[in-house]
Amino acid sequence: MCGDEGAGVIVTEYDPHAIEQRWLVAWEDLDLRRPGAPKRYVLDMFPYPSGDLHMGHGEAFSIGDAVARYTMLRGYDVMHPIGWDAFGLPAENAAIKRGTDPATWTYTNIETQAESFRRFGVSFDWSRRLQTCDPEYYRWTQWLFLRFFEKGLAYRKASPVNWCPNDQTVLANEQVVQGLCERCGAAVTKRNLTQWYFKITDYAQRLLDDMEPLVGNWPDRVLTMQRNWIGRSEGAYVQFVIEGRDEPVTVFTTRPDTLYGATFFVVAADAPLADELVTDGQRSAFEAYRERVKGLSEIERQSTERTKTGVFLGVHAINPANGEKLPVWAADYVLADYGTGAIMAVPAHDQRDLDFARTFDLPVRVVVDTGLEDPLTTGIATTGDGRLVNSGPLDGLAKADAIRAMIEQLESSGGGSGTVIFRLRDWLLSRQRYWGAPIPIVHCTSCGEVPVPDDQLPVLLPPPDQVDLKPKGESPLGTAHSWVEVPCPSCGATARRDTDTMDTFVDSSWYFLRYCSPHYTDGPFDPAEVREWMPAAQYTGGVEHAILHLLYARFFTKVLQDLGLVDFGEPFSRLLNQGQVVNQGKAMSKSLGNGVDLGAELARHGVDAVRVTMLFASPPEEDIDWADVSPSGAGKWLKRVWQLAGDVAGRPGGSSDLEVDRAVARLVAETERHMEGHRFNVAVARCMELTNVLRKGFDAGCDVRAGTEALAVMLSAFAPYTAEEAWHRLGHQDFVAKQAWPQVDPALLVRESVTCVVQVAGKVKARLEVSPEIAEEQLRAQALDDPSVRRALAGRGVGKVIVRVPKLVNIVPA
RNA sequence: GCGAGAGUGGCGGAACGGCAGACGCGCCGGCCUUAGGAGCCGGUGUCCUCGGACGUGCGGGUUCGAAUCCCGCCUCUCGCACCA
C-alpha cells in the first residue's frame with residue numbers, strides 16, 4: 001500500500017531523487033481509474049519515437065498530465081492513454097544508416113521513451129498502450145482504408161505531385177512547407193505519378209461548418225489556419241468558346257462582374273489543356289517554355305517577386321459577354337490544380353493579370369470605376385467596390401449587384417453558373433517507402449484494383465531482409481518479389497500487390513479511437529466503448545499539427561460517422577496547443593549548440609522541479625525560454641512544501657485562525673478557477689501563495705493541517721512525487737493522487753470586511769475597511785469624510801459620486 | 001501582400017471595465033554561519049520639495065473610471081502566400 005514497503009527508503013531531508021525512487025516503486029500497481037464515476041477522455045498527442053524524450057515532450061506532458069490529474073482529482077473516471085506514432089521515414093533512414101531494421105530501431109526507442117515517461121511520473125493508463133506499427137494496429141488501418149475504398153473515398157489517379165528528391169517519395173500538400181520538404185528541407189519538385197488519394201475535398205464544406213461549435217474551445221489561430229487551408233471561394237464558372245474547338249473551356253472567377261474587362265485568357269502551362277490548345281505554329285515555343293517551368297523549384301515558381309512569364313498559344317477564346325476575341329496564353333502563374341487550371345484575365349482589377357499584361361503589352365480595360373487612378377498608369381489593379389462601366393447591361397451597378405446580375409445572366413444563357421470552390425486538395429496518401437502500413441490492394445490485369453478481403457488482413461510487411469530499403473523512387477516493397485506476387489482475390493490469376501505504404505498521418509487519424517478498446521479484435525474499435533469516451537474532452541499537443549493531423553483526424557471522424565461507425569462528427573471537444581521550449585530566444589538545435597537535455601535537467605533538479613518550472617513559466621500556449629526560468633526556484637518551493645508537511649505532522653493541534661482559513665479557501669478556489677481555464681502558471685502561483693500563508697500561520701501557532709492537506713492534493717496535479725511524499729509525511733497511508741480536490745466552504749469566501757477604494761477623479765486617495773453589507777449612503781458618507789479625500793478635494797465642491805458597494809467610491813469634484 | 005495574435009518593472013509574467021505589477025527569478029540590505037552558489041527576514045516601477053506627481057508601444061475616442069472597450073498608427077511573432 002504505502003511507499004516505504006516498496007522501496008524501503010526513509011527520506012529524512014528533501015531529496016527529490018530519493019522521493020522519486022520511493023514512489024516510482026509504490027505506484028507500480030496504482031490504478032487511478034474511478035469506476036462508476038462520470039467518464040472523461042484526456043488525450044495527449046502521441047509521440048514519435050525518434051529517440052529519448054526531449055524538452056518539448058517535457059512541456060507537453062507536464063501540461064497534459066496536469067490536466068489529467070486535475071480531472072481525476074475532480075472525481076472523474078479519466079482515460080489518459082499513451083501510445084506511439086511508430087511508422088515513418090526516420091526509422092527507415094536510421095535503419096539504412098545503421099544497417100539495422102526499422103522495427104528494431106523503433107521498438108528500442110519506444111522502450112526508452114516508455115521508461116522516461118514512467119520516471120516523469122505521468123499518469124498514463126499503460127494497459128491501453130498501442131503502437132501504430134504493430135500488426136494488430138495496422139490491420140485496422142488497412143481495414144479502414146478498404147471502407148474508404150468501398151465508398152469511393154480512396155482512389156488512384158495520375159497527376160503532378162509533390163516530390164522530395166532527397167527522401168525519394170511523394171508528399172502531401174500539407175507536407176510541403178514554403179516549397180521545401182517538411183521532413184528534410186529539400187526543395188520539392190513536381191512529378192507526374194499515379195498515386196492514392198483520400199477524397200477529403202468531398203468534406204470541405206463540412207470541415208468548415210463543423211468548426212462552429214469549436215470556436216472558443218479550440219485556439220482561434222488553429223481554426224483560422226484550417227479555414228484558410230480549406231480556402232472556400234465563392235464565384236462562378238464561365239464557359240469560353242475556343243476558336244476552332246468544339247468543346248468550350250470553363251474558368252472559375254470570383255469576379256464575374258468584371259467579365260467585360262477580360263482582355264486575354266490564360267491556361268496553366270503544366271495543365272494538359274495547354275498542350276491540347278496550342279497551335280502547330282506555337283508548339284515549339286510552348287514546349288520550350290513548359291520545359292523551363294518544369295525545371296523551376298516550387299520556391300522559385302511561387303515567388304511573387306518574379307516578373308511574369310508566359311507564351312502565346314496561337315488560339316483565341318470568345319468572351320461570352322461581348323463576343324470579343326481574347327488571345328490564349330500559357331503561363332505558370334496560373335495553377336493547374338486550382339479551379340479549372342484556366343482563367344479569364346482582367347488586368348484592370350487583378351494584380352497578377354495586370355503584371356502579366358504590362359509585361360506582354362496586353363490591353364487593360366477598366367470596367368469598375370473605383371474612383372482610383374487608371375491601373376495601366378499606376379501599375380496597381382483596383383479591386384475595391386465601385387460602379388460598373390464599359391459593361392453593357394451591367395453599367396451603373398455596384399460590384400455586389402453586378403456579380404449577382406452576371407451570374408443570373410450566365411445561368412439563364414447556359415454560359416455558366418454560380419459556384420463555390422475550395423483550395424483544399426485531395427489527400428495524397430501513398431508513399432514509396434517501407435516502414436508504413438501496406439495498402440491492402442491487389443492489382444490484377446483483368447479485375448483491376450481488387451481489395452484484399454477483410455479476413456486476410458493484415459497485409460503484413462515483408463521481412464526487412466527480403467527488401468532493398470535504399471530509396472530509388474519506387475517503393476522498396478516492390479523488391480520483395482515473393483511478397484508482391486499473389487493470386488488475385490477475385491479471379492485467382494497471378495496479380496501484384498500494391499507496393500506503396502500509407503502516409504503515417506493515416507495511422508494517427510484514428511488512434512484516439514483505438515485507445516478506447518486497444519485490444520478489440522472484431523473491428524478497429526468497440527463501438528460501445530467509443531460511445532462511452534468519445535469525443536475526447538481534452539486534446540493537448542503542439543501547434544505544428546494545426547492543419548495536418550487535426551484536419552485529417554476531423555476528416556476521418558466524419559467519414560466514420562457517415563459509415564455509421566461513430567455517432568459524432570468532431571473528435572476533440574477542447575484543444576490546447578502548448579508552446580515550445582527554446583533556449584536564449586532560439587529554437588534548440590545542434591548547429592546552434594544551445595540544446596538542453598531533458599534527462600540532464602531531471603537529474604539536476606528532479607522531476608517535480610522541472611515539471612513545475614514548465615507549468616509556472618508562462619501560460620501554456622507561450623514558448624518557454626529555458627534561459628529565463630528557474631528550476632532551482634521551483635525546487636525551493638517544493639522543498640518548502642515538504643518541510644511544511646513535516647512540521648505540521650510533528651506539531652499536532654494549534655489555534656484556529658479565521659483569517660488563515662479564509663485565505664486558504666480563497667486560494668483553493670482561485671487555483672481551481674485557473675486550472676479550469678488552463679492558466680497553470682497562475683494556479684501554481686496561487687499554490688505558492690498558499691504555502692506562504694500556511695507557513696506564516698503555522699509559525700504563528702495556528703492549526704494549518706487542513707490547509708496543508710489541501711495544498712498537497714492540489715500539488716499532486718503538478719508535482720506528483722513531492723505531493724505524494726508530503727501526503728505521506730502528514731500521516732496518510734493512501735495515495736494523494738486518489739484524493740478529491742479540496743472542497744471550499746462558501747461561507748469562508750464571504751469576507752467579514754472588505755477594502756473599499758475611494759477615488760477622487762478616478763485616482764485612488766484612500767482605502768476603507770468596511771462591512772460587505774454596508775449601505776450605499778453610509779459608504780458614501782464615510783468616503784466623503786476621509787481626511788485624505790478632503791485634502792484631495794482641496795476646497796472644490798463634490799460633484800457626481802459613483803458608489804459601487806462595497807468595493808469602490810469615485811468622487812468627481814464639481 | 002493577405003490573415004491571426006501580442007506589446008505591462010532588469011526578466012518570466014499577474015490583474016470580472018474599478019487598488020497596475022500577484023507569484024517567481026534577479027538584484028540590494030540584514031540575520032545565521034569557520035564558510036555560503038545553503039537557509040531565514042526585509043526591500044525592490046520611475047521621479048520627488050516626502051505632501052505627492054507620473055506610469056501598461058504611440059496618438060485619439062467612449063466612460064465617473066481604461067493595461068482591459070472602440071478608431072488610427074508603430075513594432076514584433078506566427079500562419080498563408082501567383083488560390084483567379
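None of the values given here were measured: they were computed from a predicted structure. Numbers restart at 1 for each chain; the letters A, B, ... are given by sequence-line order, proteins then strands.
Annotation: B/rA22 and B/rC11 have their P atoms spaced 15 Å apart (nearest Å). Spacing between B/rC32 and B/rU77 at atom C1', rounded to whole Å, works out to 48 Å. Using atom P as the reference point in both B/rC28 and B/rC78, the two lie 35 Å apart (nearest Å). The gap from the P atom of B/rA20 to that of B/rA67 amounts to 9 Å, rounded to the nearest Å. Rounded to whole Å, the P atom of B/rG7 lies 12 Å from the corresponding atom of B/rA15. Comparing the P positions of B/rG55 and B/rA66 gives a spacing of 11 Å, expressed to the nearest Å. If you take atom P in B/rU68 and the same atom in B/rC16, they sit 13 Å apart, rounded to whole Å. Taking atom P in both B/rG24 and B/rC71, the straight-line distance is 38 Å, to the nearest Å.
Protein atom CZ of A/Phe422 is 12 Å distant from nucleotide atom P of B/rA84, rounded to whole Å. Atom-to-atom, CG of A/Asn228 to P of B/rG1 comes out at 17 Å; the value is rounded to the nearest Å. For the pair A/Leu335 CG and B/rA81 P, the interatomic distance rounds to 11 Å; values are reported in whole Å. Across the protein-nucleic acid pair, A/Phe718 atom CZ and B/rC23 atom P stand 17 Å apart, rounded to whole Å. As rounded to whole Å, 21 Å separates atom P of B/rU77 from atom CG of A/Asp220. Between the P atom of B/rC25 and the CG atom of A/Leu638 lies a distance of 12 Å, rounded to the nearest Å. Separating the NE2 atom of A/His605 from the C1' atom of B/rG37 is a distance of 13 Å, rounded to the nearest angstrom. Atom CD of A/Gln643 and atom C1' of B/rA38 are 13 Å apart (whole Å).
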Apply salt bridge (charged side-chain N to carboxylate O under 4.0 Å, His left out) to the pair A/Glu672 and A/Arg666, showing each step before the final yes or no. CA-CA 10 Å; A/Glu672 181 179 321; A/Arg666 179 179 59 81; over 6 Å; no

Contact state string [nucleotides 9-18 of chain B, B base, S sugar-phosphate only, - no protein heavy atom under 4.0 Å]: --SBSSS--B

For a quick check, with a 4.0 angstrom heavy-atom cut-off, what is the B/S/- contact string for nucleotides 39-56 of chain B, read 5' to 3'? SS----------SSSS--

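Residue A/Asn692 is in sugar-phosphate contact alone, with no base atom involved, counting any heavy-atom pair closer than 4.0 Å across all strands shown. Across all strands shown, A/Arg221 has heavy atoms under 4.0 Å from sugar-phosphate atoms exclusively, and none from any base.
Comparing A/Val764 and A/Ile811 by the nucleotide of RNA chain B whose heavy atom lies nearest to each, the residue mapping closer to the 5' end is A/Val764. Taking the nucleotide of RNA chain B with the nearest heavy atom to each of A/Met225 and A/Ala634, the more 5' of the two is matched to A/Ala634.
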Reading 5' to 3' and counting Watson-Crick or G-U wobble pairs with both distances under 3.5 Å, write the dot-bracket notation for RNA chain B, | for bases paired outside the strand. (((((((..(((.....[....)))((((((.......))))))(((....)))..(((((..]....))))))))))))....

Exercise answer: donor-acceptor pairs, residues 680-688 of chain A side-chain atoms, under 3.5 Å, sequence neighbours excluded:
| from | atom 1 | to | atom 2 | distance (Å) |
| --- | --- | --- | --- | --- |
| A/Arg686 | NE | A/Glu670 | OE1 | 2.7 |
| A/Arg686 | NH1 | A/Glu689 | OE2 | 2.9 |

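Crowding of A/Arg695 atom CZ: a count of heavy atoms from other residues, nucleotides or ligands under 6.0 Å exceeding 12.
How far NZ of A/Lys639 is from OG1 of A/Thr722: 12.5 Å, rounded to the nearest 0.5 Å. Note that CE of A/Met406 is 5.0 Å distant from OH of A/Tyr260, once rounded to the nearest 0.5 Å.
Here the side chain of A/Ser233 is nearest to one of B/rA84, B/rA20, B/rG24, namely B/rA84. Distance from the side chain of A/Trp229 is smallest to B/rA81 among B/rA22, B/rA81, B/rG24.
Applying the side chain to side chain donor-acceptor pair (under 3.5 Å) rule to pairs touching residues 756-766 of chain A yields nothing, sequence neighbours excluded.
In this model, the phosphate group of B/rA84 is not approached by any side-chain N or O of A/Tyr333 to a distance below 4.0 Å at OP1 or OP2.
A salt bridge links A/Arg425 to A/Asp337: at least one charged side-chain nitrogen sits closer than 4.0 Å to a carboxylate oxygen.
A/Gln226 contributes no side-chain N or O that, together with a main-chain N or O of A/Leu208, makes up a donor-acceptor pair within less than 3.5 Å. Side-chain atoms of A/His349 come within 3.5 Å of backbone N or O of A/Val367 as a donor-acceptor pair. Without hydrogens or angle criteria, A/Glu59 side chain to A/Met614 main chain gives no donor-acceptor distance under 3.5 Å.
Ring geometry for A/Phe356 against A/Trp329 counts as perpendicular: the plane angle is over 60°, on a 0 to 90° scale with 30° as the lower cut.
With a glycosidic angle more than 90° from 0, B/rG7 adopts the anti conformation.
Taking the side chain as every heavy atom from C-beta outward, A/Tyr203 and A/Arg554 never approach each other to under 4.5 Å.
Contacts of A/Gln580 classified as side chain to side chain donor-acceptor pair (under 3.5 Å), with partners at least two apart in sequence or in another chain: none.
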